[in-house]
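Notes to accompany the following structure.
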Amino acid sequence: MAKKLNIFLSFLISIIIAFSCGVYFSEDLGYSRSEPTIVKAGQTVADDDKQTVDAENEPSNGDGEKGATISTAQNQGGNETANDEPEATRVTAKNRFSDPREFRYSVNSANGITLTWLVDNLTGKTINYYTVKVSTFNPVGDPSYDEHSGKNSFNLQYVGPVIPGLELGVFELFTYQGALDSIRIDEVDLEYADGTKETVVYNRTTKDDSGLNNR
């Protein structure tokens with residue numbers, strides 16, 4: 001009986017010693033039994049949790065202390081994704097459009113304004129899309145505003161294709177105004193079939209529905 005008791009005590013002491021050594025070495029090596037830290041993109045973590053992230057580049061936070069930041073997604077070339085859309089080149093209307101065959105507006109009984117503007121494509125290229133940007137003014141030259149939206153500038157968008165030499169333009173009821181006196185076409189954005197873009201600076205005005213008062 002005494003022999004079995006000694007064996008049991010020896011076994012118990014061995015377990016206690018082993019456990020104590022394990023705790024000692026674990027604390028000495030700096031390991032922790034806490035739950036792992038989950039870091040989202042762009043989040044900065046404290047120094048104590050650095051072992052959970054890749055901290056090769058450690059930016060300073062607002063207090064001057066360093067932390068590790070997870071970088072945002074990048075493209076395969078290693079650079080942040082860039083906007084590859086081509087920028088539009090600004091040009092004058094010369095050699096882009098013919099003189100307008102019609103440039104006028106009409107007013108219906110509900111103050112609805114229909115703009116008519118017809119020109120030929122002189123660009124030498126096929127136009128896939130175009131946007132006519134117009135502004136509206138009252139008799140004293142101040143902006144006049146749409147009765148519903150309160151706007152005085154409008155983008156009238158159209159889809160081609162319009163091949164070289166063919167007609168493009170506007171025929172659209174686009175606003176409701178009781179104080180309208182003149183409409184100015186400010187610019188026309190062109191997007192060609194080859195993917196290039198141009199902004200044509202136009203700046204021509206029609207004064208009323210009597211015709212081509214556009215100088």
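Just so you know, these numbers come straight off a predicted model, no measurement behind them. Sequence positions, counted from 1, serve as the residue numbers for this chain.
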Exercise for review: Under the side chain to side chain contact (heavy atoms under 4.5 Å, CB included) rule, what do V132 and V134 come out as? Steps first, then yes or no, please.
Suggested key: CA-CA 6 Å; V132 182; V134 303; 3.9 Å; yes

What's the separation between atom [atom1] in [X] and atom [atom2] in [Y], rounded to the nearest 0.5 Å?
| X | Y | atom1 | atom2 | answer |
| --- | --- | --- | --- | --- |
| D146 | T175 | CG | OG1 | 3.5 Å |
| K151 | S135 | NZ | OG | 11.0 Å |
| I113 | F154 | CD1 | CZ | 9.5 Å |
| Q157 | K133 | CD | NZ | 9.5 Å |

Exercise for review: Verify the cluster assignment for L118 and I183: are they in a single hydrophobic cluster under the rule of side-chain heavy atoms below 4.5 Å apart?
Suggested key: no

Check your understanding: According to a 4.5 Å side-chain heavy-atom criterion applied to Ile, Leu, Val, Met, Phe, Trp and Tyr, with indirect links allowed, do I163 and L190 form part of one hydrophobic cluster?
Key ->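 They do share one cluster, since a chain of ILVMFWY contacts under 4.5 Å joins I163 to L190.
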
Any chance you could pull the hydrophobic cluster mates of [X], using side-chain heavy atoms under 4.5 angstrom and chaining through other members?
| X | value |
| --- | --- |
| V201 | none |
| F137 | none |
| Y176 | L173 |

Practice item. Evaluate side chain to side chain contact (heavy atoms under 4.5 Å, CB included) for Y158 paired with L168, printing each intermediate quantity in order. Key: CA-CA 9 Å; Y158 294 89; L168 73 153; over 6 Å; no

**Study point:** Ring centroid separation W117 to Y105 under 6.0 Å
**Key:**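 No, they do not, as the ring centres are separated by 6.0 Å or more.
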
Review point. Can you tell if the side chain of V162 reaches within under 4.5 Å of the side chain of N128, non-hydrogen atoms only?
Key: no

Check your understanding: Taking side chain as C-beta onward, heavy atoms only, is F103 less than 4.5 Å from I185?
Key ->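 Yes, close enough: below the 4.5 Å cut-off.
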
Revision key, fill the gap. For E147, the salt bridge (charged side-chain N to carboxylate O under 4.0 Å, His left out) test, sequence neighbours excluded, returns none

Tell me the closest heavy-atom pair linking [X] and [Y], and the distance in Å.
| X | Y | result |
| --- | --- | --- |
| G169 | Y130 | O-OH, 2.8 Å |
| T126 | P161 | CG2-CB, 3.7 Å |
| S144 | N152 | O-CB, 3.0 Å |
| P139 | D181 | N-CB, 3.4 Å |

Show me the side-chain donor-acceptor pairs of residues 90-97 shorter than 3.5 Å, one per line, residues at least two apart or across chains.
{"from": "R90", "atom 1": "NH1", "to": "E187", "atom 2": "OE2", "distance (Å)": "3.1"}
{"from": "R90", "atom 1": "NH2", "to": "E187", "atom 2": "OE2", "distance (Å)": "2.7"}
{"from": "R96", "atom 1": "NE", "to": "E198", "atom 2": "OE1", "distance (Å)": "2.9"}
{"from": "R96", "atom 1": "NH2", "to": "E198", "atom 2": "OE2", "distance (Å)": "3.0"}

Practice item. Scan N111, N138, T136 and name whichever one has a side-chain hydrogen bond (donor to acceptor under 3.5 Å, both in side chains) with Q177. Key: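 Going through N111, N138, T136 one by one, the side-chain hydrogen bond (donor to acceptor under 3.5 Å, both in side chains) with Q177 is satisfied by T136 alone.
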
Point to revise | Residues D189, K197: salt bridge by 4.0 Å N-O rule | key: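 Salt bridge flag = no for K197 with D189.
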
Check your understanding: With Y129, which residues qualify under ring-ring contact (aromatic ring centres under 6.0 Å, His included), at least two apart?
Key -> none

Practice item. Could you check R204 against D186 for salt bridge (charged side-chain N to carboxylate O under 4.0 Å, His left out), going step by step and ending with a plain yes or no? Key: CA-CA 7 Å; R204 298 179 78 168; D186 300 308; over 6 Å; no

Review point. Under the side chain to side chain contact (heavy atoms under 4.5 Å, CB included) criterion, do F171 and L115 qualify, and how do the steps go?
Key: CA-CA 6 Å; F171 180 74; L115 176 63; over 6 Å; no

Practice item. Apply side chain to side chain contact (heavy atoms under 4.5 Å, CB included) to the pair T131 and V188, showing each step before the final yes or no. Key: CA-CA 6 Å; T131 300; V188 183; over 6 Å; no

Review point. Does S98 reach the main-chain N or O of D120 with its side chain, forming a donor-acceptor pair under 3.5 Å?
Key: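 It does hold such a pair.
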
